Structures are given as C-alpha cells and as structure tokens.
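Chain identifiers are assigned alphabetically (A, B, ...) following the order of the sequence lines, protein sequences preceding nucleic acid strands; residue numbering begins at 1 within each chain. In what follows, every heavy atom counts, from backbone to side chain, and hydrogens, waters and symmetry copies are set aside. Predicted, not measured: the structure shown is a model, and the values here were computed from it.
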Amino acid sequence: MANPRRLFTRGFVYGLTTASALAYGYLQLSNEEEDIKPVPVDPKVKRASDILKYGIPDRGPTVRYYQNHVLSYDQARRTPLWVAEHINSQHIQGPANRKHSKFRPDPSVDPMFTAHNGDYWKSGWSRGHMAPAGDNKFDQEAMNDTFLLSNIVPQNLQNNAGFWNRFEMYCRDLTSRFEDVYVVSGPLYLPTQEDEQKVVKYPVIGESEVAVPTHLYKVVVAERFNTPTSIGAFIVPNQPIDFGPKLTDFQVPIEDLEKSSGLKFYPQLDRSKAKNLCEMDSCKLITQKEFELWIIGRKLQSARTQERVEKVWKELEEKKLKPDQYLVDLYAKKKVELAAKQSEE
DNA sequence: CGGGACAGAAGA
DNA sequence: TCTTCTGTCCCG
C-alpha cells in the first residue's frame, strides 16, 4: 500500500499542473494537428509542491453559511469582511423576537480568531449587526444566527440605533415596491490624510483586539418583474449621524467602494443594464417625527407597568408628536391591560 | 427597530 | 466565595 503522504503529494501536484496548463492554454485542441503533444508543466508551478510541502497558509473558510445569511470572516480583525442577504416580504414579518436571542461567539470560528462579548463590554462601542436581526422575523433560529459575533462589528451606538437603523428599515421597506432585495454589508477601514501621507488607523477593543471600522458599507440590489434591476452602493461613517444628512449623501459609485473594500460585488449581475437605485426609488429614510413615533410605539408595546406607559406617553407629548389612531388605541389597550394585571397582584 | 447597564440568581 | 449568566429596566 502506498504511503498516504505520497498519495497526497501526487494529487496536489496534479491539481496544480492541470490548473496551470489550462491557464497557459497548453491543453487547447489544435485545429491543424492531430498528434497529441506532451503537456508542458510550468516550472514555477512544478516547484510549488516543494515550497508548500507543509501546507498553504490558511485564512479559514472563505464563505460561511447560516440559516438566512452568508458571510466571509476576517480572522485578523475579528469582524466579517462581507455579509450577504436576500430579503423579501416573507422574511421580515413573523413571531421571532430579538429578546430571545443572545450575542455569542460563533462556534464555527477557530477559537483563536473569534470575538467575545467581553471585548465589547465597556469598550464604548456597541455590537452592530451586519445582517440585521429585523430581516429575520420569519424564523427565530435564523434571527439567532445573526447574533453570532461573526456577523457583528463594533459600531457607534447612536449610529447603530439611529441612521444605520433607519437605513436597514429602508432596505426592508424596499420589499413593498420590489419583490426581491439583495444586500451585502460590511466594515471598511479607510485611510485619512495625516501630515504628508495617508494612513489607515483604527482602534481595537478587548482582549481579542476586535477591529473598529472607520466606515460601514451596504450594496443594495432591488428587483421587480419586468423592470430593470437597480443597484446602489453606500459608505457610512461609523459615528453619530443625525437627521440632517440624507441617505443619498452617502451614495458612492460602486467602483469606489470596490476599490476600498477589495471586493467585486454581484459579479454575475450585468451592470450595464442596471439602474441607479436612488433614481428608480426615493432612497428616502423615514423622517425624525416618523422615527420617534415608531420608537414610542415599540416602547408602548413592551411596557410592563402603568408607570412606564404613562412615562412613554408623556415623552410623546413633550416632543409634540401627533399620535395616529393606532397609537391612541394601543395606549388605551395597554392601560386597561396593565391595570387589570395590577389588580391581580 | 437598534442597543446597554445593572442586580440578583445560578453555577464553579 | 468569586464568577458568569439571565432577567429586567433603561436609552435613542
């Protein structure tokens, strides 16, 4: 019986030489000649089996698959490189609740390269989803997957809960006008001008030294039957952004994002036929008043005491927000509900 | 929707 | 006893 290592080496060389020969075109069938020539081997490739005798440096799996998202993980920075999703109206509604999910290290990531919750605690940075939990309302397990730290980057809390949150809401709202929405999200580490040279500078947090991105990006593709596919690329600074700036302020040519990220997005998409997303659609985020009303609605929903209900309602009055009928009804309903609950106790 | 801080319970 | 986890409350 042959030596296993010997077998492995032989297979290794064969694979390399075949790939190389194809690349060099030596295996092309000749039109004129019928005699079969010996296949030349690129001497550089021939050396590879010796050079790589003890293996090829390993970045880990290039692509990792989850219930409802796919990502590539950056083992050096302890953050994803990119996270891809497909959103439609079926996925963004359902009983799944983030209160049942927990942030935790991704068990599929080598322990040497994983991030931990402790890295984020008291770091000044929040744990920002790339594939959002809210895109997985249809299934609790799919939502739980998005809380694995392989899908998380250190994100400014105001940005996460504010502008980026509204950006994610816009992506979900696209499904009311487009059947299928495809999104790739991820972190960027962009250079800044410092004296005479550009430098890339970013903090790292915790014992795992998780890298804090300078910016976040999204590439959004929206599809609808019988209309041109639309695509938009956005680069958002990882810092507080109030209601002044518009989403279109952060739109960039996708080629610019590709140069910065080193990634080609949607290589199978015929870009010459694609339209600018912000011309096909509004690219308008919800307004400050709409956002604050939404938040108050969510707080009312989750209120557990009468005191809390009254406090939230007072907040609404202080901000001079006009509640719609739904909110008025919800307020009345919660008051009755919690009064009954208190009389039980 | 997006998050964190904290106290007390549960576990080593 | 000290550490870790979970539930609860809080914020925009």
Sugar-phosphate only, base, or nothing, as touched by A/Lys299 at under 4.0 Å among non-hydrogen atoms: base
Taking B/dG4, C/dC11, C/dG12 as options, the one with an atom nearest any side-chain atom of A/Phe291 is C/dG12
If you compare every side-chain N and O of A/Lys99 against the phosphate oxygens of C/dG7 (OP1, OP2), does one of them come in below 4.0 Å? no
Between A/Arg177 and A/Asp173, does at least one N-O distance fall below 4.0 Å, as a salt bridge requires? yes
Quiz item: cation-pi between A/Arg127 and A/Trp125, 6.0 Å / 45°: no
Answer yes or no: does a side-chain N or O of A/Lys102 lie under 4.0 Å from OP1 or OP2 of C/dT6? yes
Cation-aromatic face contact A/Arg104/A/Phe147, 6.0 Å, 45 degrees: no
What is the nucleic acid contact for A/Gly134, judged by heavy atoms within less than 4.0 Å: base, sugar-phosphate only, or nothing? sugar-phosphate
Return whichever of A/Lys122 or A/Met169 has its heavy-atom-nearest nucleotide of DNA chain B closer to the 5' end. A/Met169
Output the rounded distance in Å from CD (A/Gln155) to P (C/dG12). 18 Å
Nearest whole angstrom, please: distance from the P of C/dG12 to the CD1 of A/Ile296. 10 Å
Can you figure out which of B/dG2, B/dG4, B/dC1 approaches the side chain of A/Phe103 most closely? B/dG4
Which nucleotide in B/dG3, B/dG2, B/dC1 has an atom nearest any side-chain atom of A/Ile295: B/dC1
So does A/Arg98 get a side-chain nitrogen or oxygen closer than 4.0 Å to the phosphate oxygens (OP1/OP2) of B/dC1? no
Measure the distance from CH2 on A/Trp121 to P on C/dT6 and round it to the nearest whole Å. 10 Å
For a quick check of understanding: with a heavy-atom distance under 4.0 Å over all strands, which category does A/Arg166 fall into, base, sugar-phosphate or nothing? nothing
Rounded to whole Å, please give me the gap between CD in A/Glu290 and C1' in C/dG12. 17 Å
From CG of A/Asn136 over to C1' of B/dG2, roughly how many Å is that when rounded to an integer? 15 Å
d(CH2, A/Trp125; C1', B/dG2) in whole Å: 16 Å
side-chain N/O A/His129 vs B/dC1 OP1/OP2, d < 4.0 Å: no
What contact category does A/Leu157 fall into here, base, sugar-phosphate, or nothing, at under 4.0 angstrom with non-hydrogen atoms? sugar-phosphate
Rounded distance (Å) that lies between atom C1' of B/dG3 and atom CD1 of A/Ile241: 16 Å
Distance from A/Leu149 atom CG to A/His129 atom NE2, nearest 0.5 Å? 9.5 Å
Rounded to whole angstroms, how far apart are CH2 on A/Trp294 and P on C/dC11? 20 Å
Using the disulfide (SG to SG under 2.5 Å) criterion, which residues pair with A/Cys283? Sequence neighbours excluded. A/Cys278
Would you tell me if any nitrogen or oxygen in the side chain of A/Lys311 comes within less than 4.0 Å of OP1 or OP2 on C/dC11? yes
Could you tell me whether A/Lys319 contacts a base, only the sugar-phosphate backbone, or nothing, with contacts defined as non-hydrogen atoms closer than 4.0 Å? nothing
Considering only side-chain heavy atoms of A/Arg304, which listed nucleotide, B/dC1, C/dT8, B/dG2, is closest? C/dT8
Check the pair A/Phe234 / A/Phe167 against ring-ring contact (aromatic ring centres under 6.0 Å, His included), numbers first and verdict last. CA-CA 10 Å; A/Phe234 307 86; A/Phe167 190 3; 5.2 Å; yes
Quick check on B/dG4: is either OP1 or OP2 less than 4.0 Å from any side-chain nitrogen or oxygen of A/Arg127? yes
Which is true for A/Glu292 with a 4.0 Å heavy-atom rule: it touches a base, it touches only sugar-phosphate, or it touches nothing? nothing
